[in-house]
Amino acid sequence: MAKELVFPNRDVIEKIWQEYGLDERSIKEAVEMLKNWIQLQPHLPKEEGSLHEARLERWLIRCKNSMERTKQSIDMYYTLKSLLPEMMSDWNMQSKWFKTISMLTYFTHMPQMTPDYERVVCIGVLSNDPTDFVLEDWFRMAMMTFEVRMCEDYSLRDIFIIDLAHYTLGHVTKVTFPCMKKAEACIMKAFSTRLKAVHFINVQPFAAVIADLLKSVLSSKIAARIQVHATDLTEFHKQVPKESLPTEMGGCGGSINDNWNVWLKKLETYQDWFLQHENVKSDEKKRLGGNATSSDLFGIEGSFRKLNVD
């Protein structure tokens, strides 16, 4: 059975703080600075409450205690909620898209962190039938899981494991560069995910194109951390602790289905908040210096462009 979803305790949190020279006092000061900065940005929504402060704290950690990078990430998050509704809106578990994609795929964050405080994220499809597989919906569901982690989780880095065991040529043909680029912006820029490694496992020859496409989307520094494994996972198991892996990947962390069901139950607890948060996004008409557009962020070729943050 999969373990219940329990996020790090105070001892682990303080060790992660120490990684960036932070303590409770400096965290509170930084959060107040960020709150004050947001108040001065006419295009950003004005959120309040302990959950908002918790998310600001995690943004700071994910941005390695860089105030400038944190501001850029916060701005990007609210901006993408405006400009990428296909991934950053309609986070409703009762919607048809969610019910369909959550039965066909998974995007589960394993409960047991590695000894280095890294979160293992297992990604894959549950069905060989690609008929109802919609890549944008899969990423949209993934953003919901990242949002929960932004509210509650603490980790230093992520390890992505993409299992291609059930991928067919039909799945591969639905993977596009623009969609991957948009997902990269959400995961890496808006949620400031820090990737230690990306492992593709059970890679069949025809599916290797997915790894190549991801390499073209990511920065060269991150792309160099992508590793491709066929069915022999010997080298893979040397790098990722089995305690942080599901049984299907040779681990002892419970089955994929059990872990994914735990995550679905967790998402249910956020259903009301997701709906209330639907319109909490940037108002680009009020942005100083002019509103941001999709072409500003991605350009004609899909290249990412950084927003200017005051």
Side-chain angles (χ1 to χ4, degrees), residues 34 37-38 41-47 51-52 55-56 58-63 66 68-92 95 97-98 101 107 121 123 134-151 153 158 160 175-195 214 217-219 222 267 270 273-310:
L34 289 170
W37 171 77
I38 290 172
Q41 309 308 308
H43 67 292
L44 294 182
K46 309 304 184 263
E47 297 193 72
L51 186 57
H52 176 53
R55 293 167 73 239
L56 293 179
R58 283 158 179 80
W59 254 309
L60 184 71
I61 294 294
R62 286 166 173 251
C63 293
S66 165
E68 187 63 20
R69 286 177 59 185
T70 304
K71 291 177 181 179
Q72 290 176 356
S73 184
I74 291 169
D75 196 345
M76 187 60 61
Y77 167 83
Y78 289 115
T79 300
L80 292 180
K81 286 200 70 179
S82 291
L83 300 184
L84 290 185
E86 63 270 35
M87 290 186 188
M88 297 291 282
S89 69
D90 191 20
W91 290 355
N92 185 351
S95 295
W97 76 264
F98 185 92
I101 202 67
F107 210 104
V121 184
I123 306 162
V134 179
L135 187 63
E136 288 83 357
D137 287 346
W138 191 20
F139 283 130
R140 175 159 43 175
M141 181 179 69
M143 300 315 155
M144 295 167 69
T145 67
F146 279 105
E147 188 74 87
V148 170
R149 283 187 57 197
M150 185 64 82
C151 292
D153 196 17
D158 280 11
F160 282 12
V175 178
T176 66
F177 181 89
C179 185
M180 295 281 279
K181 193 63 183 175
K182 291 174 183 178
E184 183 267 348
C186 295
I187 295 172
M188 304 298 293
K189 306 295 193 303
F191 289 111
S192 287
T193 300
R194 296 184 60 210
L195 277 180
L214 184 59
V217 166
L218 297 171
S219 68
I222 301 299
L267 290 175
Y270 275 80
W273 187 79
F274 285 148
L275 296 179
Q276 294 165 6
H277 211 242
E278 179 74 13
N279 293 314
V280 180
K281 54 190 177 183
S282 68
D283 184 345
E284 292 304 318
K285 294 179 181 179
K286 296 180 179 179
R287 180 185 292 274
L288 297 175
N291 62 305
T293 66
S294 294
S295 60
D296 291 329
L297 298 181
F298 303 103
I300 297 174
E301 298 82 13
S303 58
F304 187 87
R305 304 179 184 182
K306 186 175 69 174
L307 289 177
N308 291 320
V309 179
D310 295 327

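In what follows, every heavy atom counts, from backbone to side chain, and hydrogens, waters and symmetry copies are set aside.
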When rounded to the nearest 0.5 angstrom, what distance separates CE in Met87 from SG in Cys186?
->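 If I round to the nearest 0.5 Å, the distance is 6.0 Å.
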Rounded to the nearest 0.5 Å, what separation is found between the SG atom of Cys179 and the CZ atom of Phe139?
-> 5.5 Å
If you compare all heavy atoms of [X] against all heavy atoms of [Y], which two are closest, and at what distance to 0.1 Å?
X: Cys63; Y: Thr70; answer: CB-OG1, 3.3 Å
X: Leu80; Y: Ala190; answer: CD1-CB, 4.0 Å
X: Thr176; Y: Leu135; answer: N-CD2, 3.9 Å
X: Pro45; Y: Ile38; answer: O-CG2, 3.5 Å
X: Phe274; Y: Trp91; answer: CB-O, 3.3 Å
X: Ile123; Y: Phe107; answer: CD1-CZ, 3.6 Å

Can you name the salt bridge (Lys or Arg N to Asp or Glu O under 4.0 Å) partners of Arg140, sequence neighbours left out?
-> Asp90, Asp137
With Asp153, which residues qualify under side-chain hydrogen bond (donor to acceptor under 3.5 Å, both in side chains), at least two apart?
->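 For Asp153, the residues satisfying side-chain hydrogen bond (donor to acceptor under 3.5 Å, both in side chains) (neighbours in sequence not counted) are Arg119, Arg149.
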[X] versus [Y]: any side-chain heavy-atom pair under 4.5 Å?
X: Ser282; Y: Lys81; answer: no
X: Asp75; Y: Arg287; answer: yes
X: Leu195; Y: Ile187; answer: no
X: Glu147; Y: Arg55; answer: yes

Out of His43, Lys281, Glu47, Gln41, which residue meets the side chain to side chain donor-acceptor pair (under 3.5 Å) rule with Tyr78?
-> Glu47
salt_bridge(Asp158, Arg62) N-O dist < 4.0 Å = no
Residues two or more places apart in sequence or in another chain: which of them pass ring pair (Phe, Tyr, Trp, His ring centres under 6.0 Å) with His277?
-> Trp273
Residues in ring pair (Phe, Tyr, Trp, His ring centres under 6.0 Å) contact with Tyr77, at least two apart in sequence or another chain |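 Listed in chain order: Trp59, Phe191.
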Lys285: what forms a side-chain contact (heavy atoms from CB on, under 4.5 Å) with it, not counting sequence neighbours?
->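 Result, side-chain contact (heavy atoms from CB on, under 4.5 Å) vs Lys285: Asp283.
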Residues two or more places apart in sequence or in another chain: which of them pass side-chain contact (heavy atoms from CB on, under 4.5 Å) with Val217?
->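 side-chain contact (heavy atoms from CB on, under 4.5 Å) list for Val217, sorted by chain: Phe177, Met180, Lys181, Glu184.
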